[in-house]
Every structure is written in C-alpha cells, then in structure tokens.
K.L.:
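Below you'll find the structure I mean.
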Amino acid sequence: MERNIVTSDVLMSYKLLKPLLMLFIPLISYANINVQSFPFSDAHHLFLLEDGLLGRNGYSNPGQLFFKSSYSFLDDPLITVDAQRSSILNKDVKRIQTLQFGGGILFTRVLYFGIDSSYNFVALKNKSDSSIGDSTVFIKYRVFRSGDHAISFIPKIVLPTGDEKIFTSDGQLGAGFLFAYELDLGKFDFFANAGYYQNPDATFSNIDLRKRLISGLGLSFNFYPKWRLNFEWKGEFGLPFEKDQNPVEALLGARHQSTKNISSYLAFGVGGIDFAGETNTHSNDFRFLAGIKIITGAKVEEKPGQTKIVTIYTPIEIQREIRIFLLSIEEMVNFKKNSSTIT
C-alpha cells in the first residue's frame, strides 16, 4: 500500500482557520502541521511573532542584553496516512519536548543582534532520542516608524546543528528574511509578519519545505496591569502553492511582567486537520509552551506618546547610532591617567 507522510501538530481546527488562510494566502487549500521549528520570539510581549517597534516595551538603551528560555511540549508532530488520506496508519513521532535558549544585544535604538538554539527530546515510534536543534543567527533592523506604526526587517541564517534522523534539523545551511509590522493602539497591539525562507535540504518523503512563504498575524491586549493576553497565528507555506505540507500554528497565551527586567509566558494551542474532508483522519493535537525573557537595564513599559513623528532610518543613521553606542561603552570604562587600573 502506498503511504504518504504528513505532519500534524498544535493548532486550531483547519475549518476554523480556513477563512483566514484564504484571505491571507488565497491559494492554500490544505494546512498540515509540524511546528517544532517555530522559535520562541525575541519580541518582548510576543510568543511566536516578531515586532516592529523595536525600541519599546523593555529595551531601548544601546548595550542592553536580552536572554530567553522556553519549554515546549508538542504532541504527534509526524503521522503517516494511507494514499487516500482516509485513515491514520502510524504516529511516527509521538511527541517532541523542546528546551529553547537564546539571547542578543541591542546595538543601537534601531539595530538588534540575536542568536538562538534548542535541545530536543524526541519520542519516535519505537524509541526515544535527543539532540540539539538547528541554530539561528539574525539581526532586527527597524527601517520605518511613523507614530504608532513601525516596520522592522529581519534577515536570518539557520545553521544545521541538529540531527536529521530525529527531525531536529533541515540538514543544510538555510537563509531567509522577515518583515515585521506593528501597530500600537494603547491597550491593544496588532502585529503582522511576512517573509521568505529557503533551505535546499528541507525534504522528507513527500514533505517539501525547501522554499517557504512565512506569514503571521497577532493581537495583544493589556487587560490588567502587568498582564497581556495574546492570540498569535503563524504559518509557513511551501512553494509552489499546491504543496499540502504547511506548518501552521495558532496560540492563545498570557504574558506577565514579573519585574521591570523579567517577563514570564504561558500558552496553549489546540486543533487538528481534515484531509480532503475525510473526518476519520482528523487528528486532535495540542502544544504547551512556557517561557521567560530577561532584559538587562530594562525600563518600565511606557505609555504610547501622542506626537506622531515619521522617521526613516538610513545607513548614515545606523553609523550615527553605532558611534553613540561606542561612546556609551567608553563612558562606562574610565582609565586613570598614568595607570593601568580600570575603574
């Protein structure tokens, strides 16, 4: 019997997401899930998406350091169905538990450098194994701001540090970019991400994610002092569009500003996928995610200002911001005259 490998993971039902998918990317007809590679975001009050207002919500001073760590439990991320997709034959990967870690530095008010990786515990059909995952190096550059609107550009390189045999690596060097938009409405923030990623070896059986369009939508609500409620949706859609192996995830979570330097995060995602309307292959899956983010020298979250100033940052502006950063470092390290002692 011919067998097709398909992915499955955490997410709201495809039937519920289909209207949103058809609006956002009209040519997508099926969405199957495999989202263990979706990283815990570096954005201060987001789980999966990236923000546009880089110099707000926690870090705004050049030289500030950022650290993050998270735990994720992913149920049934890889299953096998028959050629007609009428029934599930095997659960090839029963679960993946991921410990993610990363961090970065704010070089200037508009330029951030980050790196992240993970360690994964994988329960396969007949055994369990573990390995480090692929590692990502990226920069976030805020290219535009007009009052409460902002756009950041985020290029990234993915290093193949994981293990293909247990599905923690794409196998080769990958690269991509992302545009992150943010609209600050006071108690509400709206986010949208769009980008592209390519890896020449990101294939397995009939799964082909070598070329992907990245998209995401999110809403964050400051419903109580120090508390935010988030809904975030993220998808990666293989090219060409007739491909039906598309990692998609929707999360509902809460963020608590524990101190001015530390935020904690908790989120859940639920759902499943129907194949060509065959409800007997419907797979109810879930994901649990908990994390923490720490920012050195962070300021208390500021209220949005009323003055709208349009700022477009050019390479000359970047050079000026880097000089300011270097001067701030010099001011922190004072050398006594005629002495080798640092005070």
Side-chain angles (χ1 to χ4, degrees), residues 9-12 35-36 38-61 64-75 97-106 112 114-119 140 148 150 152 154 180-193 216-234 249-271 286-305:
D9 163 21
V10 203
L11 171 70
M12 292 183 129
V35 299
Q36 65 266 24
F38 286 6
F40 190 40
S41 169
D42 278 51
H44 190 55
H45 56 245
L46 291 171
F47 290 83
L48 301 176
L49 303 181
E50 294 296 340
D51 61 348
L53 286 164
L54 178 60
R56 189 176 70 86
N57 296 310
Y59 45 83
S60 57
N61 297 324
Q64 285 182 299
L65 299 177
F66 173 82
F67 304 95
K68 67 177 180 180
S69 180
S70 68
Y71 168 81
S72 173
F73 179 95
L74 186 61
D75 184 51
Q97 299 181 75
T98 299
L99 298 175
Q100 187 187 346
F101 43 87
I105 182 171
L106 189 69
Y112 174 83
I115 184 170
D116 62 57
S117 190
S118 63
Y119 196 84
K140 183 186 291 188
D148 299 330
S152 290
I154 310 168
Y181 170 79
E182 180 177 353
L183 171 61
D184 177 15
L185 299 174
K187 284 190 173 294
F188 288 91
D189 285 345
F190 172 77
F191 305 89
N193 289 180
L217 295 171
L219 185 67
S220 180
F221 172 46
N222 184 198
F223 68 94
Y224 194 74
K226 297 185 178 182
W227 283 93
R228 280 186 174 270
L229 183 67
N230 284 30
F231 173 77
E232 300 178 34
W233 174 88
K234 181 177 180 179
E249 182 170 20
L251 285 180
L252 181 65
R255 168 219 164 197
H256 179 246
Q257 185 76 40
S258 306
T259 72
K260 68 177 183 179
N261 297 86
I262 301 174
S263 296
S264 52
Y265 302 76
L266 184 67
F268 296 90
V270 294
F286 69 91
R287 170 149 132 158
F288 167 81
L289 188 150
I292 187 171
K293 297 177 184 178
I294 303 172
I295 301 172
T296 63
K299 293 182 177 180
V300 178
E301 188 169 311
E302 299 176 0
K303 295 181 180 179

K.L.:
Is there a donor in the side chain of Y181 and an acceptor in the side chain of N193, or the other way round, less than 3.5 Å apart?
P.N.:
no
K.L.:
If you measure from CG on L53 to CD on E182, what distance do you get to the nearest 0.5 Å?
P.N.:
4.0 Å
K.L.:
State, to 0.1 Å, how close D116 and K68 come at their nearest heavy-atom pair, and which atoms those are.
P.N.:
OD2-NZ, 3.4 Å
K.L.:
Mark yes or no for whether S152, through its side chain, and K140, through its backbone, hold a donor-acceptor pair below 3.5 Å.
P.N.:
no
K.L.:
Measuring from F223:CZ to L229:CG, what's the distance to the nearest 0.5 Å?
P.N.:
6.0 Å
K.L.:
What I'd like to find out is whether the side chain of D189 reaches to under 4.5 Å of the side chain of R228, using heavy atoms alone.
P.N.:
yes
K.L.:
If I compare all heavy atoms of A267 with all of F47, which pair ends up nearest, and what's the gap?
P.N.:
CB-CE2, 3.6 Å
K.L.:
Heavy atoms, side chains only, cut-off 4.5 Å: are S220 and N230 in contact?
P.N.:
yes
K.L.:
Any heavy-atom pair between the side chains of L49 and S41 that's under 4.5 Å?
P.N.:
no
K.L.:
What's the verdict on side-chain contact (heavy atoms from CB on, under 4.5 Å) for F190 and L217, showing C-alpha distance, side-chain angles and the deciding distance?
P.N.:
CA-CA 8 Å; F190 172 77; L217 295 171; 4.0 Å; yes
K.L.:
For the residue pair S117 and Q100, what are the closest heavy atoms and their distance?
P.N.:
O-CG, 3.1 Å
K.L.:
Could you tell me if the side chain of F67 sits less than 4.5 Å from the side chain of I295, heavy atoms only?
P.N.:
no
K.L.:
Do D75 and F73 have side-chain heavy atoms sitting under 4.5 Å apart?
P.N.:
yes
K.L.:
Which one of E249, R287, Q97 satisfies the side chain to side chain contact (heavy atoms under 4.5 Å, CB included) criterion with L74?
P.N.:
R287
K.L.:
As an exercise, state the distance from OH of Y112 to CD of E50, rounded to the nearest 0.5 Å.
P.N.:
8.5 Å
K.L.:
Using every non-hydrogen atom in the two residues, find where Y71 and L99 come nearest and quote the distance to one decimal.
P.N.:
CD1-CD2, 3.7 Å
K.L.:
Measure across A180 and D51 and return the closest heavy-atom pair with its distance rounded to 0.1 Å.
P.N.:
CB-O, 3.5 Å
K.L.:
Run the side-chain contact (heavy atoms from CB on, under 4.5 Å) check on L252 and F268 step by step: do they pass?
P.N.:
CA-CA 6 Å; L252 181 65; F268 296 90; over 6 Å; no
K.L.:
Output all residues satisfying side-chain contact (heavy atoms from CB on, under 4.5 Å) with S69, sequence neighbours left out; order by chain, then residue number.
P.N.:
I292
K.L.:
Considering all heavy atoms of both residues, which atom of L251 and which atom of G269 are nearest to each other, and what is their separation?
P.N.:
CD2-N, 3.6 Å
K.L.:
How about H256 and Y224: are their ring centres within less than 6.0 Å of each other?
P.N.:
no
K.L.:
Just so I know, are the side chains of I105 and Q64 near enough to count as touching, which here means a heavy-atom distance under 4.5 Å?
P.N.:
no
K.L.:
Are the side chains of K293 and F66 in contact, using a 4.5 Å heavy-atom criterion?
P.N.:
yes
K.L.:
Side-chain contact test, heavy atoms from C-beta onward, threshold under 4.5 Å: evaluate it for F40 versus L289 and give yes or no.
P.N.:
yes
K.L.:
Taking atom NE2 of H44 and atom CG of L46, what is their separation to the nearest 0.5 Å?
P.N.:
10.5 Å
